[in-house]
> 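Below is a structure I'd like to ask you about.
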Amino acid sequence: MARKPKSKRASSSIEQLTPLDQQFIESAQTKRQVRVDGRSVELTQEAIAVQHLFKSALSGSIHGMGQWIHYTQLAQEKEEAKRERQIEGALKFIELQQLKLKQAERRSESTRLILPHPDDIEIDPATGVDIIGPYDETELLEVEKKVRLRDAYFVQGELETCFSWPDPPAVECDPDCPFQGGSAEFLGLMTDRELPQRFRLSEDDRFKLAWRLSRMTKRELLKHAREMWRKAGQPKARGWLTPPYWRTIRVYKAMPQFAERVAKELRANREDAAVRELQVFYNQARDWLFPEGKKPENIEN
């Protein structure tokens with residue numbers, strides 16, 4: 001006897017959440033405090049259930065192992081299907097953005113706000129899709145601000161080289177440090193490294209910039225550096241110098257240790273302690289860069 005087909009009304013009702021379904025969802029998202037590796041953390045009921053199933057599998061329970069493998073395989077299959085859909089969508093989106101770029105160039109229009117830029121969309125079959133550049137105009141403005149800061153540091157570096165930094169006798173030198181100049185070049189390189197790949201300077205770009213700056217007179221460099229700092233939103237006094245390189249590198253080397261302390265306090269939900277650690281680092285960095293309240297060096301001092 002042929003089975004009677006289900007009505008559309010009956011099939012559509014399956015997708016609707018019943019009161020019992022709603023209770024299960026709310027219960028799964030309810031959070032509780034539990035101890036994990038000796039630490040008190042807040043987890044959802046759903047996460048706690050997964051932890052118990054995992055422990056059951058590790059204890060040698062055949063049922064627990066079977067359940068764990070089954071649910072793990074299901075989750076991996078769903079994750080792979082989701083990743084494939086993301087990659088397929090990203091490839092279509094890249095094609096669309098490339099078309100927009102070509103059309104804008106053909107009409108001699110600006111391509112600045114065609115975002116995300118195709119070159120900033122990274123596709124990895126193992127991990128999926130990642131956007132490594134600005135997603136919208138707000139993020140683009142932040143990147144452009146950092147670009148101006150990097151350029152200001154490179155101009156500052158040429159200025160300090162031009163004036164044979166550190167000629168002023170008041171500037172301290174560390175005999176164990178291989179480089180006795182200022183920090184501008186180093187800070188420019190670090191800032192450039194923080195930028196998305198599309199906005200970084202190549203070796204050729206840096207060579208061309210150094211060549212162009214080397215052709216300026218000292219007076220032109222002083223004026224140009226001051227203008228670049230103004231554009232970067234950090235106006236400096238005429239003749240301002242960065243701290244000595246050996247002081248700045250000392251701060252950079254200490255940053256990972258302080259970052260780990262802050263992360264440790266945040267993992268323990270101690271936000272006040274994390275803020276105190278940041279204040280300690282700020283005070284320590286200030287003392288290292290400008291010992292005993294010493295003012296920044298100036299070429300014209």
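Only heavy atoms go into these numbers, but all of them, side chains included; no hydrogens, no water, no symmetry mates. Keep in mind the model is a prediction, meaning the values are calculated, not measured.
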> Residues two or more places apart in sequence or in another chain: which of them pass salt bridge (Lys or Arg N to Asp or Glu O under 4.0 Å) with Glu137?
none
> Which other residues end up in the same hydrophobic cluster as Val275, if Ile, Leu, Val, Met, Phe, Trp and Tyr are linked when side-chain heavy atoms come under 4.5 Å apart?
none
> Under a 3.5 Å cutoff, is there a donor and acceptor pairing between the side chains of Gln156 and Trp229?
yes
> Which pairs with one or both residues in residues 72-124 pass ring pair (Phe, Tyr, Trp, His ring centres under 6.0 Å), sequence neighbours excluded?
none
> Kindly state each residue pair satisfying ring pair (Phe, Tyr, Trp, His ring centres under 6.0 Å) with at least one member in residues 252-284, sequence neighbours excluded.
Phe186-Tyr252, Phe258-Phe281
> For Asp151, give me all partners under salt bridge (Lys or Arg N to Asp or Glu O under 4.0 Å), at least two apart in sequence or on another chain.
none
> In this structure, are over 12 heavy atoms from other groups packed under 6.0 Å from Glu95 atom CD?
no
> So, taking the atom named CZ in Arg200 and the one named CG in Asp205, what distance separates them when rounded to the nearest 0.5 Å?
13.0 Å
> Run through the side-chain heavy atoms of Ile, Leu, Val, Met, Phe, Trp and Tyr, join any pair under 4.5 Å, and report what else lands in Leu140's cluster.
Leu113, Leu115, Val143, Val147, Leu195, Phe199
> What is the distance from atom OG1 of Thr217 to atom CG of Leu222, rounded to the nearest 0.5 Å?
8.5 Å
> Apply salt bridge (Lys or Arg N to Asp or Glu O under 4.0 Å) to Glu105 and list each qualifying residue two or more places apart in sequence or on a separate chain.
none
> Report yes or no: do Leu159 and Met216 belong to one cluster of Ile/Leu/Val/Met/Phe/Trp/Tyr joined by side chain heavy-atom distances under 4.5 Å?
yes
> Start with the C-alpha distance between Arg230 and Glu227, add both sets of side-chain angles, then the distance that settles salt bridge (Lys or Arg N to Asp or Glu O under 4.0 Å), and finish with yes or no.
CA-CA 5 Å; Arg230 187 190 65 77; Glu227 178 64 16; 2.5 Å; yes
> Are more than 12 heavy atoms, taken from residues, nucleotides or ligands other than Glu271, located less than 6.0 Å from that residue's CD atom?
no
> Can you tell me if CZ on Arg107 sees more than 12 non-hydrogen neighbours from other groups inside 6.0 Å?
yes
> Would you say the side chains of Arg276 and Gln279 form a donor-acceptor pair under 3.5 Å?
no
> Using the rule that two of Ile, Leu, Val, Met, Phe, Trp, Tyr join whenever any of their side-chain heavy atoms come within less than 4.5 Å, decide whether Met255 and Trp288 are in one cluster.
yes
> Do Met190 and Leu149 share a hydrophobic cluster (ILVMFWY, side-chain heavy atoms under 4.5 Å, transitive)?
yes
> Kindly indicate whether the side chain of Tyr135, heavy atoms from C-beta on, has any atom under 4.5 Å from the side chain of Pro116.
yes
> Tell me who clusters with Leu141, hydrophobic residues only, linked when side chains sit under 4.5 Å apart either directly or through other members.
none
> Going by the rule ring pair (Phe, Tyr, Trp, His ring centres under 6.0 Å), which residues pair with Phe154 if we only count those two or more places apart in sequence or in a different chain?
none
> By the rule that ILVMFWY residues connect when side-chain heavy atoms come within less than 4.5 angstrom, directly or transitively, which residues belong alongside Ile132?
none
> Would you say the side chain of Arg206 lies within less than 4.5 Å of the side chain of Leu189, judging by non-hydrogen atoms?
yes
> Rounded to the nearest 0.5 Å, what separates atom CH2 in Trp211 from atom CG in Leu213?
11.0 Å
> According to salt bridge (charged side-chain N to carboxylate O under 4.0 Å, His left out), does anything in residues 112-130 pair up with another residue at least two apart or in another chain? List the pairs.
Arg112-Glu144, Asp120-Arg198
> Are the charged groups of Arg85 and Glu88 less than 4.0 angstrom apart, N to O?
no
> Please determine whether a side-chain nitrogen of the Lys or Arg among Glu277 and Arg270 lies less than 4.0 Å from a carboxylate oxygen of the Asp or Glu.
no
> Working to the nearest 0.5 Å, report the span between NZ of Lys82 and CD of Glu77.
16.0 Å
> Salt bridge (Lys or Arg N to Asp or Glu O under 4.0 Å) with Lys146: which residues, sequence neighbours excluded?
Glu194
> Begin with the C-alpha distance, continue with both residues' side-chain angles, and end with the deciding distance and a verdict on side chain to side chain contact (heavy atoms under 4.5 Å, CB included) for Val251 and Leu289.
CA-CA 8 Å; Val251 174; Leu289 293 173; 4.1 Å; yes
> Before giving the answer on side chain to side chain contact (heavy atoms under 4.5 Å, CB included), spell out for Val41 and Gln33 the whole-Å C-alpha distance, their side-chain angles and the decisive distance to 0.1 Å.
CA-CA 6 Å; Val41 296; Gln33 286 286 339; 5.6 Å; no
